[in-house]
Amino acid sequence: MAGEPQADCLFCKIVAGEVPATVVRETERTVAFRAINPQAPTHVLVIPKAHHADAAALAAADPSLAADLLQEAGEVAREDGVGSYRIVLNTGSGAGQTVFHAHAHVLGVDVDPGRQVDAVELL
């Protein structure tokens, strides 16, 4: 059921604290954490705490939560010192979605010069 935690969902387990993640931001309705296999110097996933299978399902069921997700993606980029970034929402396996819990990828390479970037982030 939309919005309800799913026992077999990795991101629901992260929300529940059952699976560890490097959380960078959390609100009442969203959680943002670093990707385990980053594709850019900044690669953070922003997820709704409520389970929705993909971005289209999220937008249809709860437009205000979809807006919160995008707002948080912008906050993640700002707090990470990223000036230019992409927000990517894959919907469906053909588009590259591998975890069927709506999520936005925040991908940034334009890091402010004063920000310290760890070598691990660049891999």
task = Starting from the C-alpha separation in whole Å, work towards a yes-or-no answer on side chain to side chain contact (heavy atoms under 4.5 Å, CB included) for R25 and E72.
result = CA-CA 8 Å; R25 276 186 67 83; E72 283 305 303; 2.6 Å; yes

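- Within the model, atoms CG of L107 and OG1 of T42 stand 9.0 Å from one another, a figure rounded to the nearest 0.5 Å.
- A heavy-atom distance below 4.5 Å is found between the side chains of H101 and P48.
- Under the ring-ring contact (aromatic ring centres under 6.0 Å, His included) criterion, H105 pairs with H43, H103, not counting sequence neighbours.
- Defined by atom type and a distance below 3.5 Å, a donor-acceptor pair is present between the side-chain atoms of R29 and S64.
- At distances below 3.5 Å, not a single donor-acceptor pair connects side-chain atoms of E79 with backbone N or O atoms of A77.
- The structure places SG of C9 at 7.5 Å from CD1 of I47, a figure rounded to the nearest 0.5 Å.
- The shortest heavy-atom contact between K13 and A7 is CE-O, 3.0 Å.
- Listed by chain and residue number, nothing satisfies the ring-ring contact (aromatic ring centres under 6.0 Å, His included) test with F100 (two or more places apart in sequence, or in another chain).
- The two residues C12 and P5 have their closest heavy-atom pair at SG-CA, 3.8 Å.
- Salt-bridge formation is detected for the pair D80/R34: a Lys NZ or Arg NE/NH1/NH2 atom is positioned less than 4.0 Å from an Asp or Glu carboxylate oxygen.
- Of the listed residues (V99, L89, T91, N90), just one forms a side chain to side chain contact (heavy atoms under 4.5 Å, CB included) with D54, and that residue is T91.
- The CD atom of Q39 sits 9.5 Å away from the CZ atom of R86 when rounded to the nearest 0.5 Å.
- The existence of a salt bridge linking K49 and E26 is confirmed by a sub-4.0 Å separation between a basic side-chain nitrogen and an acidic carboxylate oxygen.
- Nearest heavy-atom pair, A102 versus A55, reported as atom, atom and distance to 0.1 Å: CB-N, 4.0 Å.
- Judged purely by atom type and a 3.5 angstrom limit, Q97 has no side-chain atom pairing as donor or acceptor with the backbone of A95.
- Closest non-hydrogen pair, A40 versus G108, comes out as CB-O, 3.8 Å.
- Residue V88 is not grouped with residue F11 when hydrophobic side chains (ILVMFWY) are merged at heavy-atom distances under 4.5 angstrom, including chains of intermediate members.
- Note that CZ of F33 is 4.5 Å distant from CG of L45, once rounded to the nearest 0.5 Å.
- For the side chain to side chain contact (heavy atoms under 4.5 Å, CB included) with V46, the lone residue among T27, V24, V76, L70 that qualifies is V76.
- In the hydrophobic cluster analysis, where Ile, Leu, Val, Met, Phe, Trp and Tyr join through side-chain heavy atoms closer than 4.5 angstrom, V44 is grouped together with L69.
- Here the closest heavy-atom approach between residue E4 and residue H51 is recorded as O-CB, 3.2 Å.
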